[in-house]
Amino acid sequence: MARHLRIASAQLGPLHLADSRKSATGRLVALLRDAHMMGAKFVVFPELAFTTFFPRWWMPDQDEVDAKFFERAMPSPETQPLFDEAKKLGIGFYIGYAELTPQGEHFNTAILVAPEGTVVGKYRKIHLPGHADHKPDAAFQHLEKKYFQVGELGFRVWRFLDTITGMLICNDRRWPEAFRVLALQGAEVVALGFNTPTENLHYPEPPALRVHHHLIMAQSMAFQNATWLVETAKCGAEDGFRMFGHSVIVAPTGEIAVKSQSEEDEVICFNCDIDLAANLKRTMFNFAAHRRPEHYRLIVERVGAEITPENR
């Protein structure tokens, strides 16, 4: 009998600087209940789901940033109701948040939480976009390199709800190496939360083109790695700064199974045939039969692009 898992993407509309983590948690609980009504057993929430996307703001007082936006423990008193409700409903979930470790390290983090309410997996974002310096003339800041350290836990997978599940966060979706490392560990499902500005900070780019890139990346990464991919947005205009939605669940065939229609709180759900991923891994994307890693060394030996001398 084929394995099926009903997975929901629980998109979150705007959170503003004035919004509390308690109020954000209340909205996440409401989304969790909606997903439960749809029969979901696994819910994917966004990146930095408990706060506004604070890296758009230059804030010199790190103690104030830590107090307002970072979690020293998960669950915390403010976020505990989400864990309690998930345990009550018997639903597992992925969620992103800003983590402050006991050692004073700052990470953009996501966790997998089992239906029993226990944290079973943690990922810390590796591909941090943006900059660390203040750009006063920019329309907004993108200061992930200021507020976060590069994650050090690597790309891992977990046995979760009768699947092999991996986690990524936002900008990771642009780097095929991240997906391939998960696929080489047998990933059947990849959960990914994101907050993506509608405007490109670095150069003019039509919003429709940004959405186009988002969707073709999701489809190609799912297909080329034979995985189900669940990408969930936090979106809408936060204090006037807009982020696009287009949360998606993509099949291992590269087909979009379902997509959100708004930039507000919204749940989409699909009954995912998990064995479809396994079948593609045995056929078209049979890595053991077709990969030639002896010719891929440059991928890990070189960071930046250079002209290879013999090809000049």
### Task
Could you walk me through whether W57 and F241 pass the ring pair (Phe, Tyr, Trp, His ring centres under 6.0 Å) test, one step at a time?
CA-CA 11 Å; W57 304 98; F241 298 97; 5.4 Å; yes
### Query
Do M167 and F83 sit in the same hydrophobic cluster, where Ile, Leu, Val, Met, Phe, Trp and Tyr count as joined when their side-chain heavy atoms come under 4.5 Å apart?
no
### Query
Around M38, counting heavy atoms of other residues, nucleotides and ligands shown, do more than 12 lie under 6.0 Å from its CE?
yes
## Note on the structure
CG of L192 to CD of E231, rounded to nearest 0.5 Å, is 5.0 Å
### Message
Quick check for you: to the nearest 0.5 Å, what is the distance between C269 atom SG and I7 atom CD1?
### Response
8.5 Å
### R56 and T52 side chains, donor-acceptor separation under 3.5 Å
yes
### Query
Do W228 and I249 have side chains that get closer than 4.5 Å, going by heavy atoms?
yes
### Task
Show your reasoning for whether side chain to side chain donor-acceptor pair (under 3.5 Å) applies to T253 and E255.
CA-CA 5 Å; T253 57; E255 298 168 286; 2.6 Å; yes
### Task
With side chain to side chain donor-acceptor pair (under 3.5 Å) as the test, would you mind laying out the steps for T227 and E188 before giving the verdict?
CA-CA 5 Å; T227 66; E188 298 168 317; over 6 Å; no
### Query
Roughly how far, to the nearest 0.5 Å, is the CG atom of L15 from the CZ atom of R21?
12.0 Å
#### Entry: Any T101 side-chain heavy atom under 4.5 Å of H106 side chain
no
### Task
Classify the angle between the aromatic ring planes of F194 and F244 as parallel (below 30°), tilted (30 to 60°) or perpendicular (above 60°).
tilted
### cation_pi(R6, F42) dist<6.0 Å, angle<=45
no
### Query
Can you check whether F50 and F45 have ring centres sitting under 6.0 Å from each other?
no
### Message
Can you see whether Q11 engages D265 through a side-chain donor-acceptor pair at a distance of less than 3.5 angstrom?
### Response
no
### Query
Are the side chains of R72 and L100 in touch, meaning some heavy atoms are under 4.5 Å apart?
yes
### Query
Within a strict 4.5 Å, meaning less than it, do heavy atoms of the H142 and P129 side chains meet?
yes
### Query
side chain to side chain donor-acceptor pair (under 3.5 Å) between N108 and Y97: does it pass, once the steps are laid out?
CA-CA 6 Å; N108 188 337; Y97 65 99; over 6 Å; no
### Query
Which heavy atom of K125 sits nearest a heavy atom of C170, and at what distance?
NZ-CB, 3.6 Å
### Donor + acceptor pair across side chains of D275, H4 (<3.5 Å)
no
### Least distance between heavy atoms, S260 atom then H246 atom
OG-N, 3.4 Å
### Message
Nearest 0.5 angstrom please: I111 CD1 to Y94 OH, how far?
### Response
10.5 Å
### Summary
Heavy atoms of L31 and L12 approach each other most closely as CD1-CD1, 3.9 Å
### Message
Once rounded to the nearest 0.5 Å, what's the spacing between atom CZ of F223 and atom CZ of F285?
### Response
4.0 Å
### Task
Go through the side-chain N and O atoms of S220 and Q224 and say whether any donor and acceptor fall under 3.5 Å apart.
no
### Task
Calculate, to the nearest 0.5 Å, the distance between atoms CD and OG1 belonging to E71 and T51 respectively.
8.5 Å
### Query
Is NZ or CZ of R124 both nearer than 6.0 Å to the six-membered ring centre of F107 and within 45° of the ring axis?
yes
### Task
State whether a side-chain donor-acceptor pair under 3.5 Å links T25 with E78.
no
### Task
Give the ring-plane orientation class for F69 versus F54, where under 30° counts as parallel, over 60° as perpendicular and anything between as tilted.
parallel
### Task
Kindly indicate, with the supporting measurements, whether the criterion side chain to side chain donor-acceptor pair (under 3.5 Å) is fulfilled by R173 and T196.
CA-CA 11 Å; R173 73 192 194 272; T196 300; 3.0 Å; yes
### Query
In terms of the angle between their ring planes, are F155 and H127 parallel, tilted or perpendicular, with boundaries placed at 30° and 60°?
parallel
#### Entry: W58 six-ring centre to K135 NZ/CZ under 6.0 Å and within 45° of normal
no
